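First comes the structure, then the notes that go with it.
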Amino acid sequence: MKRIGVLTGGGDAPGLNAVIRAVVKTAINDYGCEVMGCRDGYDGFLKPKGIVPLTHNVVRGILPRGGTILGTANRGNPFAQKIMVDGKETVVDVSHEIMRAIDAQKLDALIVIGGDGTLRIGMELHQKGVPVVGVPKTIDNDIGGTDVTFGFDTALTTATEALDKLHTTAESHHRVMVLELMGRDAGFICLHSGVAGGADVILIPEIPFKYECVAEKIRQRQARGSHFSILAVSEGAKPLDGDQVFWRQGNEVYVPRLGGIAQKVGDYVEKATGSETRVTVLGHLQRGGSPTAFDRWLATRYGSAAVRVAAEGAFGHMVALQYSKVVHIPFEEALAVPKRVDVHGDGVQTARSLGISFGDC
Ligand code: F6P
């Protein structure tokens with residue numbers, strides 16, 4: 001192995017730089033290998049100056065930094081690239097151009113760090129003969145075959161801090177505070193931070209809720225003398241008799257964006273209980289900032305392992321954490337079924353035992 005490439009794709013997550021740094025250091029120190037960075041996800045292969053050398057100097061000091069020094073893109077799939085033809089947007093397969101660019105770079109391996117979209121593209125490139133190794137990234141923690149993705153712990157910590165802060169103001173004003181959290185169709189950020197941050201109600205996509213059950217929980221608290229409540233609501237949560245809420249539907253240009261369910265819950269609760277209610281959408285704060293120690297540790301292990309997996313020639317595989325060990329599994333296995341909160345698992349059971357409502361009374 002003489003020359004490897006690395007790229008970051010999809011939404012950013014804290015720990016991306018830690019993976020890049022570990023890839024560069026391991027490749028140079030253990031294999032005497034040259035490392036090339038591809039800018040802005042797969043797009044870098046098609047852009048002038050899209051490929052840059054990564055050396056010890058380039059990665060110095062990036063371990064605690066959020067974001068990604070390589071840039072990223074969460075639109076743009078080389079197998080279905082949107083381009084304008086005669087003023088009309090058209091979808092074309094430009095994967096052969098990427099394949100040509102990878103060939104021209106003489107890469108012995110390409111390490112792709114990303115979520116399901118980026119990894120799926122990696123899998124398809126591998127099926128066409130590109131030597132790809134994947135590293136699972138997402139704050140949503142929704143990738144199969146791995147106990148956890150890096151970025152999740154930092155997002156969860158930010159969400160928990162927000163719940164702690166909402167607690168003090170909720171108590172002072174005798175208010176209901178609703179916090180909307182990211183996660184798409186997976187409720188991990190909401191469940192984990194809801195428990196860690198002492199929420200009274202947790203609404204996650206995996207457990208459809210009833211508005212009235214949420215209001216009833218608040219009334220019960222009022223009856224017990226607790227005149228404030230904290231609600232952690234996942235952006236993908238949906239009522240039993242309704243749909244998820246999107247602030248922007250998808251179209252040819254944009255992927256659909258979830259958002260707005262917390263406001264609906266807040267409006268209902270205020271009317272139904274008479275409690276003054278405020279809604280906060282935590283948004284991209286969950287993706288930013290310095291990674292936690294756990295995410296730095298995990299991201300570093302993943303980056304270093306990905307280089308070893310490439311050296312072994314186990315292409316078409318993704319590194320993963322299983323029972324505290326870093327292993328590697330085929331892309332097909334990781335991407336077969338997206339990971340979701342186990343509604344019968346001990347996390348949900350624990351929350352219920354503590355009296356937390358999932359709005360499904
Ligand atoms: O997948 C990560 C994530 O942050 C989701 O939790 C969220 O729904 C989405 O990305 C936001 O995407 P964007 O950055 O495009 O608004």
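The figures here come from the full heavy-atom set of this structure, side chains too, leaving out hydrogens, waters and symmetry mates. Atoms within each ligand, like the ligands themselves, are counted from 1 in listed order. Predicted model only: the values in this text are computed from it and were never measured.
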In Å and rounded to the nearest 0.5 Å, what is the OG1 to CE distance from T169 to M177?
4.0 Å
Any idea which residues sit under 4.0 Å from ligand 1, heavy-atom distances?
N74, I139, D140, M182, G183, R184, E235, R257, H284, R287
Under a 3.5 Å distance rule, please check whether E206 uses its side chain to pair with a backbone N or O of G187 as donor and acceptor.
yes
Can a donor-acceptor pair be found, under 3.5 Å and without considering hydrogens, that links the side chain of K128 to the backbone of H96?
no
May I ask you to check whether Q222 and S275 show a side-chain donor-acceptor distance below 3.5 Å?
yes
Under 6.0 Å from the NZ atom of K2, do we count more than 12 heavy atoms belonging to anything else shown?
no
Criterion side chain to side chain contact (heavy atoms under 4.5 Å, CB included) on K137 and T118, from CA distance to verdict:
CA-CA 9 Å; K137 162 250 48 162; T118 305; 5.7 Å; no
